[in-house]
Asker: 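Let me give you the structure first, and then I'll get to my questions.
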Amino acid sequence: MKQLTLIILAACALLMLVAALDLPDWGDPASPASSHLSPAFLEQGYGETATPNIVTVVLADYRSYDTMFEAVVVFAAALIVMVLLRRTPRTRRKVLPQRPQREGRDVVLRGAAQLIIPVMQLFGLYVVAHGHYSPGGGFQGGVIFGASFILLALCYNLQTVLERLREHVVLFCCAGGALLYAGVGALCLALGWNFLGYAALAGLLGITEVTAHSHGILAVEVGVGITVFAVMVSLYYDLASSGDLDEGL
Amino acid sequence: MIDQAPILIIIIPLVAALLLTLTGSLGDRWAYGLLIAALAASLGCALAALAAVLDGNQAVHYRLADWPPPLGIELVIDHLSGVVLVLIAGCALLTAIYSRHPASQDNPDRLNLYYALFALLVTGLLGMTATGDVFNLYVLLEISALSSYGLLARGRGPAYYATFKYLIVGTIGACFYLLGVGYLYIMTGTLNMAELAEILSRPELQESVSVRIGFTLIILGVWIKMALFPLHAWLPNAYSKAGTTTACLIAPLMTKVSVYIMLRMMFTVFSADYIFNRIAWSELVIYLASTAAVVGMLTAFAQRDLRKMLGYIIVAEIGYLAGGAWLATEAGFTGAVYHLLADGLMTLCLFMVVGAIIYRTGLTTAAAMRHIFQRMPVTAVVFLVGAASIIGLPPTCGFFSKFYLIQGAVQAGAWVFVAALLISSLLAALIFFRLLEVAFFGRFDEAAGAAPGAGGHGAAGPVAVAEAPWSMLLPMVLTAIAVLGLGLYTNEVVTYFIRWSVPAGF
Amino acid sequence: MDEIFHIVIAKYNYWAALVLLFIGLYGMIAKNNLMKKIIGMVIFQTAILLFFVSIGVKRGATVPIIEYTADHQPLLEAAAYANPLPHVLILTAIVVGVATLGVALAIIQKIQRVHGTIEEDEILAEMRQ
Amino acid sequence: MTWDASLLWQFDILILLMMVICAIAALSLKDLVSCAVVTGAYSFLICLMWTEMKAVDVAFTEAAVGAGISTVVMLATVQYVKRRSKD
C-alpha cells in the first residue's frame, strides 16, 4: 500500500515537475503575475493611503476583507481547541498526575526571562504600531506579544501566567479583537460607505481621506494584534496542559 | 440600506459568533435567541439581495472597502448564488430553531461556544457562496472547514478519529484548491473571478499546460471536499458520529456548497467551451458519477445505522449533481442546480427526522423506526415526504430534479448515467420501503430484537404518542412543506432563477 | 549545456516547492503515526506557500516598502519592488495553516485520551473490537 | 537570457536542499520530539528563503509562527503521547 502511494505520488510529481517548464521564468519582471495587478498596488498604494509598506496596505486595506477572516480563522481555532480540550469540573480528571516541580532549579532561565520578556512585549507593540513603515503589523506583533507570555509560562509555570492573564480575559481578547475589526467595518457601513471603506472615517475624525485610510489600517491592525496575541496564549494554555490548565510543558 | 444587503448576509452571523463567545454568562436561552435572530436577519438580507437581483435581472456587485475590483475584493450575487444563499441561510435558520433541545442534550456545558461555531460555519458557507474572488473563497473555505471539524468532534462516541481523517482529507482538498489558484494566478496575474474568466479565454491560455494543471487541481480539491465517488470514504464516518444538530447543519450544506463552488469554477472562471471541448473529461466524470450513484445507494442499503445510511445516500446524490453538471446540456445543468436546492432540503428533512427519532428513542439503528407512526405521527409524515423526494415520487422536488437530469442525460446520449439514475432510484425505494416495513412490522433482520426502545414501550401492546417537542417539529414541518413547495413550483423556480444562470455555450 | 543551466536557474524554485509538496503529501497519506501526518501537513502547506512566494519574485527588485529618493520624494516605480500581492495571500495562508495545526493537535490529544495511542493501526484495531 | 547575480542562486539551492533534507528527516525520524524540532528547523530555513526572495513580512510571520509557536504547541502535544513513533 505504501509502495503504491509512493509510486503514484512520484509519478504525479514527475508530471508536474515537467509541466513546470511551462510556467513563466522565476523572477521574470514581465510575467503576468508581476505585470498585471501588482504595479497598480505599488504605484497607487502609497498615494492613496500614505503608508509606505505596501504589504500592509494590501493586507489591511485593499484586501482587508480577507484579513478580517484571517483574524476570524485564528479565533475559530482557539475556540475549537478550547471546546475540544477544556475540561470542566464535571469532566476533569479526579486525581491530577504528579508532575515534577521545578522550584529553584532554573535561576539562570528565570533571570534571563525577566530581562527578555519586557523587551519582547515592547517590541511586539512596536511591531504592531510600526507596521506602516517597516515589516510587521498586527499579526506578527500579536504573535510576539503572545510569545512573551508563553516564554513566561515555560520559564516559570502555567499558574504564574494564569494569575496575570485569566482564561476568560484571554477568551474576551480573542473575540474582542475580531469584533474591533468587524466594528471598524461596520462603522464605515453605518456612515454610509461600503464595509471597511476607511474613507468614511475622514468625516468622523476631521482628516483627509488619505490619512483616514492610514488610521483605518492602524485600527484593524490593532484588532488583529489583540486577537492573535490572545489566540496564541489560549492555544498554549489548552494544548500544553491538555485542557486542565494545571501545568504546561 | 438595501444596497448593503450583500455584505450584511455574511457579517451578521459573524458578529453573532463573536458576541456569542463574549456573552457566555447570559445563559443558554440568550444564546439560542441571539443565534436565531442573527440567522433570521441574515436570511432577510439574502432575500433582499435576491429580490434586487430579480429586479434588475442582473448580478449585484458589492465592492468591499470601496476599492474597485480587481484591486479589491467584490461580492457577486447573481441568480445562482442568490438562490444558494437563501438555501443556506434558510436551512441554517431551520436547524437553529431545531437545535433547542438536541443541542443542549449533546452539549451539557458551554452551549454558547457551540453556537458560536455554528454561526461561524454558516458565515463561512455564506461567504464562499457570495464572494467573487478566488482567494477569498479559500479563506472562507477554511473557516467553514475548521468550524466543521470543531462541531463534528463534539459528537458522541469515538468521533475523534473520524474527524481527524476528515481534517487530513479536507486539508488536502483545500490545499489543492489553493495550489490551483496559485497556478491560475501565475498565468493570469489576477484573483478576481470575472477578470480571470476574461483573461483565461485568450487563445494562448486556452492551450496552456499550466492552466490545465490549475484547473485539474482546483477541481480535484473541490471533488475531495464534496466527496465524489472515489474520494468519498471520509464522509459517512464523519457524519454518522456527529451530534444531532451538527449533522443537520453540515450534512445538507457542506457538500452542496462544494458543488456550488464546482459549478462556479467550471462555468464562471472557466467556460463551458473550455471544459467540454478542451479538457474533455466528461465521459470519465459521467462514469464516476454513475458509479457514485449506484455504489452510494448500494452501500447505504447495507447499513443499519440510520445516519450512516443517510451519509451514503448523500454520496449517491453527489453523484447525481456531478453527473448533471458534466452532461454539457442545458437540461443537465438545470437538473444539477435544481437538484442542489432539492437535495439540500430533502437531506435536511431526513436528518431532522432521524435526529428527532434519536432524541426520543436514543437508538441510532433501523430498530428506532419501530412503531414510528403510532409514537411520532408528525415526524413519520415528514419522513415520508423526505423519503418520497429521495426516491423521486411526483409531487416532491426530487421527482422534478431527476426528470431534468434524465432529460439532460438522454440529450447528451449518456445512457450509463440514465441507467445509474434509475437503478439508484430503485435502490432508494428499497431502502425506504424496508424502513417502513420496520416501522409497521419490525422485521429487517434482528433489528426487531433490539426494538423495545426508550420510554418503556414493549414490542407489543398499545404504544403511547411521544412526539418530538414543538421546537423540533416546527422546522421539520416547514422543511417538508419546502420540499413539496419546491416541487409544486418547479416551473417558476426554473424560469425565474435557474434559466438565468445557465452559462453560455451549451 | 548553457541552455539547460538557464532552464534550471529559471525553474529550480518551482521544482523545490513541488518536491516538498509531494514529500508532505506522502507523509500525510502514508505515515501511520498521527503526529507524522500532521508534520506532513505542515510541510505540504509550506510548500504551497513557497510556490506562491516564488511567483512574487522579480529580478532586481527589493522589499515592497516604498523608498525615498535623495530629495525625499517617494520612489513609485513598480519595477523596483517585489510583487506584494502573493506576500499578502501567504500571510493569510500561514495564519490558516497555524489554525489548522492547532485544531489538529487538539484532536490528537483527544484521540490519545480516548484510544490511548496515536498509531493509526492500533486505533483501527481498537475500534474494530 | 540573463540571470541576476543578486538572486544568489547557489545560496538558494543550498537552502532548498537543506529544506528537502529537513522535510525527509522530519517524516522519517522515530523520536517525535526530534521530529517537532526538525520541523522547526525546516520552518526557519523556509523563512531564510523568503527573506532572500524579498518577502520580509512573510518571513517575519513564518519565523514567529512556524519556527516559534508551531514548534512549541507540537512539543506540548508530544508530551502527552508516546514519544517513539512506529515509523
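Reckoned from all heavy atoms, side chains included, excluding hydrogens, waters and symmetry mates.
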Asker: With a 4.5 angstrom heavy-atom cut-off, could you sort out which part of Met19(D) is near chain C: side chain, backbone, both or neither?
Answerer: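 Met19(D) touches chain C through backbone and side-chain heavy atoms alike.
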Asker: Is Ile23(C) in contact with chain D via its backbone, its side chain, both, or neither, using a 4.5 Å heavy-atom distance?
Answerer: both
Asker: Taking every heavy-atom pair that is under 4.5 Å apart, which of Val95(C), Asn13(C), Thr117(C) has the most such pairs with chain D?
Answerer: Asn13(C)
Asker: Identify which part of Ile46(D) has an atom lying under 4.5 Å from any heavy atom of chain C, answering side chain, backbone, both or neither.
Answerer: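 It is the side chain, since no backbone atom gets that close.
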Asker: Checking salt bridge (Lys or Arg N to Asp or Glu O under 4.0 Å) for the pair Asp31(D)/Arg84(D): CA distance, chi angles, key distance, verdict?
Answerer: CA-CA 5 Å; Asp31(D) 182 15; Arg84(D) 281 204 79 73; 5.4 Å; no
Asker: Under 4.5 Å from any heavy atom of chain D, what part of Leu101(C) do you find: side chain, backbone, both or neither?
Answerer: side chain
Asker: Find the one option among Lys36(C), Lys31(C), Gln112(C) whose heavy-atom pairs under 4.5 Å with chain D are most numerous.
Answerer: Lys36(C)
Asker: Do Tyr42(D) and Thr46(C) meet the criterion of a side-chain donor-acceptor pair at a distance under 3.5 Å?
Answerer: yes
Asker: Taking the side chain as every heavy atom from C-beta outward, state whether Asn32(C) and Glu122(C) have any atom pair closer than 4.5 Å.
Answerer: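 Not in contact.
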Asker: So which part of Val73(D) gets closer than 4.5 Å to some heavy atom of chain C, the side chain, the backbone, both or neither?
Answerer: both
Asker: In terms of heavy-atom proximity below 4.5 Å to chain D, should Ser54(C) be classed as side chain, backbone, both, or neither?
Answerer: both
Asker: Just do the salt bridge (Lys or Arg N to Asp or Glu O under 4.0 Å) check on Glu119(C) and Lys82(D) with the steps written out, would you?
Answerer: CA-CA 9 Å; Glu119(C) 299 285 342; Lys82(D) 210 167 101 203; 5.5 Å; no
Asker: Is there a side-chain contact between Val57(C) and Lys54(D), using heavy atoms and a 4.5 Å cut-off?
Answerer: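 No, side chains not in contact.
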Asker: When rounded to the nearest 0.5 angstrom, what distance separates SG in Cys22(D) from CG in Leu29(D)?
Answerer: 10.0 Å
Asker: Mind ranking Val98(C), Ile90(C), Leu20(C) by heavy-atom pairs under 4.5 Å with chain D and telling me who comes out on top?
Answerer: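 Winner by heavy-atom pair count: Leu20(C).
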Asker: The criterion is ring pair (Phe, Tyr, Trp, His ring centres under 6.0 Å); which residues satisfy it with Tyr81(C), sequence neighbours excluded?
Answerer: none
Asker: Hey, what do you get for CE (Met53(D)) to CG (Leu48(D)), rounding to the nearest 0.5 Å?
Answerer: 11.0 Å
Asker: Can you tell me which of Ile111(C), Val88(C), Thr62(C), Leu34(C) forms the most heavy-atom pairs within a distance under 4.5 Å of chain D?
Answerer: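 Between Ile111(C), Val88(C), Thr62(C), Leu34(C), the count favours Thr62(C).
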Asker: Could you tell me which portion of Leu17(D) (side chain, backbone, both or neither) has an atom closer than 4.5 angstrom to a non-hydrogen atom of chain C?
Answerer: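 Neither the backbone nor the side chain of Leu17(D) comes within 4.5 Å of chain C.
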Asker: Salt bridge or not between Lys37(C) and Glu120(C)? Use side-chain N to carboxylate O under 4.0 Å.
Answerer: yes
Asker: Select one option (side chain, backbone, both, neither) describing which atoms of Asp121(C) are under 4.5 Å from chain D's heavy atoms.
Answerer: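 Side chain only.
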Asker: Between chain C and each of Leu27(D), Ile13(D), Asp57(D), Val58(D), count heavy-atom pairs under 4.5 Å; write down the option with the most.
Answerer: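 Ranked by contacts with chain C, first place is Leu27(D).
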Asker: Can you find a heavy atom in the side chain of Thr39(D) that is under 4.5 Å from one in the side chain of Thr71(D)?
Answerer: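 No. Closest side-chain heavy atoms not under 4.5 Å.
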Asker: Check each atom of Ser85(D) against the heavy atoms of chain C and say whether the ones under 4.5 Å are side chain, backbone, both or neither.
Answerer: both
Asker: When heavy-atom pairs shorter than 4.5 Å are enumerated against chain D, which of Ile118(C), Leu105(C), Ile38(C), Asn83(C) gives the highest number?
Answerer: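 Highest number of heavy-atom pairs under 4.5 Å: Leu105(C).
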Asker: Side chain, backbone, both or neither: which part of Ile108(C) has a heavy atom under 4.5 Å from chain D?
Answerer: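 Only the side chain of Ile108(C) comes within 4.5 Å of chain D.
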